[in-house]
Amino acid sequence: MSSNLIRLVLQELAESEGLKFFGIVPLKYDRDIMHFNQWLAEKRHAGMGFLEKNKIFRYHPGSLLPGARVAIIFGFPYAQGDTWPRHGETFEGPSRVAQYGRFKDYHRLMKAKLERVMESLNNQIATSASYRILVDSAPVLERALAVQSAEGFIGKNTCFIHPEQGSFFLLSEVLTELDLPVDVKTQVAPDKRSAEGGCGKCNRCQVKCPTGALDIEYQIDANLCLSYWTIEHRGTIPERFWPWLKYYYFGCDICQLVCPYNERSRYSLPVTTSVREFPPLYEVATMSQANYEEFFGGTPLTRAKRNGLRRNALIAMTVTENSRLDEALGLARKDNESPIKETLEQIDLWRGQKTASD
Ligand code: B12
Ligand code: SF4
Ligand code: SF4
């Protein structure tokens, strides 16, 4: 089968599963490893010690599958219609969950889809070549791999953006023994904007990031990123970040919502994937282990763990002066668990200072 035909087959198979096929790329990214090491050396990864581990795989993604020759890059679209307000409107509504967190069993779902794509590809080209599916959790630089495909570029918000479809998709890769022809890429100059993408002079994400986490273009400072604090961090959240939990109590989509490439959001979550409704903040702040499993089991929110979500909900209730805050605090005071106990102390101080200044 010719290489053009293989690409068409991959595209069709991906589309039949509600996925996007981005391309076929080589298993190396020397320049990005340099950026990555610099980023770690400058401690921009905050408390994410896991990024310092498994260096052998991060440096040589091919070592995750003996005999691997290339990676095939796929995207799972997840936009659900959220938009950033323009012209003086406000970002209304209760504190929310970032769009990628609103559906269940992403890893299992994606793995099953990619299994079917690869089985079918192997059948069609009559081979039993081995492959390995990487869904989110692998110790590789997924964006550095993806950006070598023919479609897409890295924006100043550090996301991998498709010039026509935006950035609301999760990345997955399949490493394969197949000797497939890799993409020939039209290089996108970062300071230009063209049909292939590029930010040009736009800096909306930098200006709109509420905490200055993107002040250096193309590099994120996780120490300042709300997504880091509300998902990855295990202790208490410094008070300077609290005001922004009125927008999101899990993750943050602001630097993507403001991006002109996402204005059209033509990508959206496949209709077969159901979006989860989450309970009000009071329920989250006071949930038992059993409630936690019922509300959030199988969703990306489990990354923050039960007490991380309770902490976030208590803070969001505090900054929005939720009418059930005292009730929630009363229940939370009955346990001594970390980081709830420390967060309660911070809340008392916060409310004391607010009363003094009123
Ligand atoms: C750690 C991590 C985080 C951290 C750090 C984010 C970050 N930008 O690195 C935190 C917790 C903050 C985070 C947040 C989010 N994340 Co995250 N995260 C990861 C993870 C596990 C590792 C990323 C990593 O290695 N970062 C280290 C930096 C240095 O590497 P990098 O971002 O790939 O760097 C690229 C560029 O910035 C560039 N670069 C780096 N330094 C420099 C310097 C210069 C001068 C230049 C020119 C370029 C350059 O080189 C790299 C690629 O070419 C990946 C999965 C994976 N294994 O890759 C998901 C991943 C990046 N996250 C993802 C998502 C969806 C999110 C959120 C949207 C979730 C949310 N709604 O809250 C936010 C987005 C925040 C943002 N603007 O990035 C997706 C992104 C998909 C996409 N379309 O890009 C990924 C790929 C997961 C996936 N499988 O889909 N995440
Ligand atoms: S996810 Fe939010 S806090 Fe983090 S860089 Fe983007 S806008 Fe800033
Ligand atoms: S908002 Fe503008 S600067 Fe930021 S990633 Fe999008 S196009 Fe690039």
Side-chain angles (χ1 to χ4, degrees), residues 45-51 78 80 93-110 135-137 170 222-223 225-239 241-253 273-351:
H45 60 311
M48 293 179 287
F50 66 89
L51 291 170
Y78 64 81
Q80 291 139 51
S95 177
R96 65 194 79 190
V97 167
Q99 292 187 96
Y100 90 99
R102 298 183 200 154
F103 46 89
K104 209 176 166 178
D105 291 335
Y106 155 68
H107 290 98
R108 251 198 353 225
L109 193 85
M110 189 74 182
V135 179
D136 201 9
S137 49
L170 292 161
N223 296 289
C225 177
L226 298 166
S227 179
Y228 165 73
W229 288 107
T230 56
I231 302 174
E232 298 290 337
H233 179 66
R234 296 289 164 255
T236 57
I237 299 180
E239 284 144 50
F241 299 111
W242 287 20
W244 312 113
L245 271 74
K246 72 179 174 204
Y247 293 145
Y248 289 96
Y249 73 89
F250 178 86
C252 170
D253 282 338
T273 314
S274 52
V275 174
R276 289 292 288 263
E277 290 285 335
F278 295 119
L281 287 176
Y282 172 81
E283 305 291 337
V284 181
T286 58
M287 67 190 166
S288 63
Q289 183 62 26
N291 289 151
Y292 164 69
E293 282 161 25
E294 182 196 329
F295 299 153
F296 300 112
T299 73
L301 279 83
T302 53
R303 178 85 186 166
K305 305 197 185 313
R306 171 175 161 252
N307 278 347
L309 294 173
R310 290 178 63 209
R311 168 200 66 192
N312 297 353
L314 283 168
I315 297 173
M317 289 178 84
T318 304
V319 297
T320 54
E321 298 182 15
N322 187 293
S323 60
R324 298 191 75 184
L325 176 62
D326 284 321
E327 228 181 303
L329 291 175
L331 283 174
R333 280 187 218 289
K334 293 196 176 125
D335 71 46
N336 241 351
E337 293 170 52
S338 180
I340 302 300
K341 187 168 173 270
E342 301 84 343
T343 302
L344 290 175
E345 286 161 15
Q346 285 175 299
I347 291 176
D348 289 342
L349 278 172
W350 172 281
R351 295 178 91 198

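Keep in mind that the numbers below use all heavy atoms, side chains included, and drop hydrogens, waters and symmetry copies. All values reported here derive from a predicted model rather than from experimental measurement. Counting from 1, the numbers follow the sequence of the chain as shown.
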Nearest 0.5 angstrom please: Arg102 CZ to Phe250 CZ, how far? 11.5 Å

Check whether any side-chain heavy atom of Asn307 lies under 4.5 Å from a side-chain heavy atom of Ser338, and answer yes or no. no

Does Arg306 reach the main-chain N or O of Met287 with its side chain, forming a donor-acceptor pair under 3.5 Å? yes

Take Arg333 and Leu344, measure what side-chain contact (heavy atoms from CB on, under 4.5 Å) needs, and give me the verdict at the end. CA-CA 8 Å; Arg333 280 187 218 289; Leu344 290 175; 3.9 Å; yes

With sequence neighbours excluded, give me every ring pair (Phe, Tyr, Trp, His ring centres under 6.0 Å) pair touching residues 285-334. Phe278-Phe296

Separation between CG of Leu314 and OG1 of Thr286, rounded to the nearest 0.5 Å: 8.5 Å

Are Ser95 and Thr320 side-chain neighbours, meaning at least one heavy-atom pair lies under 4.5 Å? no

Does CD belonging to Glu277 count more than 12 external heavy atoms closer than 6.0 Å? no

Compare every heavy atom of Arg234 with every heavy atom of Lys305, then report the nearest pair and how far apart it is. CE-NE, 4.1 Å

Tightest non-hydrogen contact, residues Ala98 and Cys252, listed as CB-N, 3.8 Å

Ile315 and Arg311: side-chain contact (heavy atoms from CB on, under 4.5 Å), yes or no, with the steps? CA-CA 6 Å; Ile315 297 173; Arg311 168 200 66 192; 4.1 Å; yes

Euclidean distance, Cys225 SG relative to His233 NE2, rounded to 0.5 Å: 13.5 Å

So, the side chain of Thr230 versus the backbone of Tyr249: is there a donor-acceptor pair under 3.5 Å, distance only? no

Check the pair Asp326, Arg351 against side-chain contact (heavy atoms from CB on, under 4.5 Å), reporting the backbone distance first and the verdict last. CA-CA 11 Å; Asp326 284 321; Arg351 295 178 91 198; 2.9 Å; yes

Does Ile237 offer a backbone N or O that forms a donor-acceptor pair with the side chain of Gln346 under 3.5 Å? yes

State which residues pass side-chain hydrogen bond (donor to acceptor under 3.5 Å, both in side chains) with Glu327; sequence neighbours excluded, sorted by chain then number. Tyr282, Arg324

Could you list all the ring pair (Phe, Tyr, Trp, His ring centres under 6.0 Å) pairs where at least one residue sits in residues 307-350, not counting sequence neighbours? Trp242-Trp350

Closest non-hydrogen contact found for Leu301 with Leu309 is O-CD1, 3.7 Å

Run Leu245 and Trp229 through side-chain contact (heavy atoms from CB on, under 4.5 Å) and show every step you take. CA-CA 10 Å; Leu245 271 74; Trp229 288 107; over 6 Å; no

Does the distance from a Lys or Arg side-chain N to an Asp or Glu carboxylate O, for Asp136 and Arg303, drop under 4.0 Å? no

How far does CD of Glu345 sit from CD1 of Ile347, to the nearest 0.5 angstrom? 10.5 Å

Tell me whether Asn322 contacts the main-chain N or O of Leu281 through its side chain, where contact means a donor paired with an acceptor under 3.5 Å. no

Looking only at heavy atoms, which two atoms of Pro243 and Lys246 are closest? And how far apart? O-CG, 3.1 Å

Rounded to the nearest 0.5 angstrom, the CG-OH distance for Leu170 and Tyr100 is 8.0 Å

Please name the pair of heavy atoms, one in Arg310 and one in Ala285, separated by the smallest distance, quoted to 0.1 Å. NE-O, 3.2 Å

Could you tell me whether a side-chain N or O of Glu342 sits under 3.5 Å from a main-chain N or O of Gly235, the two making a donor and an acceptor? no

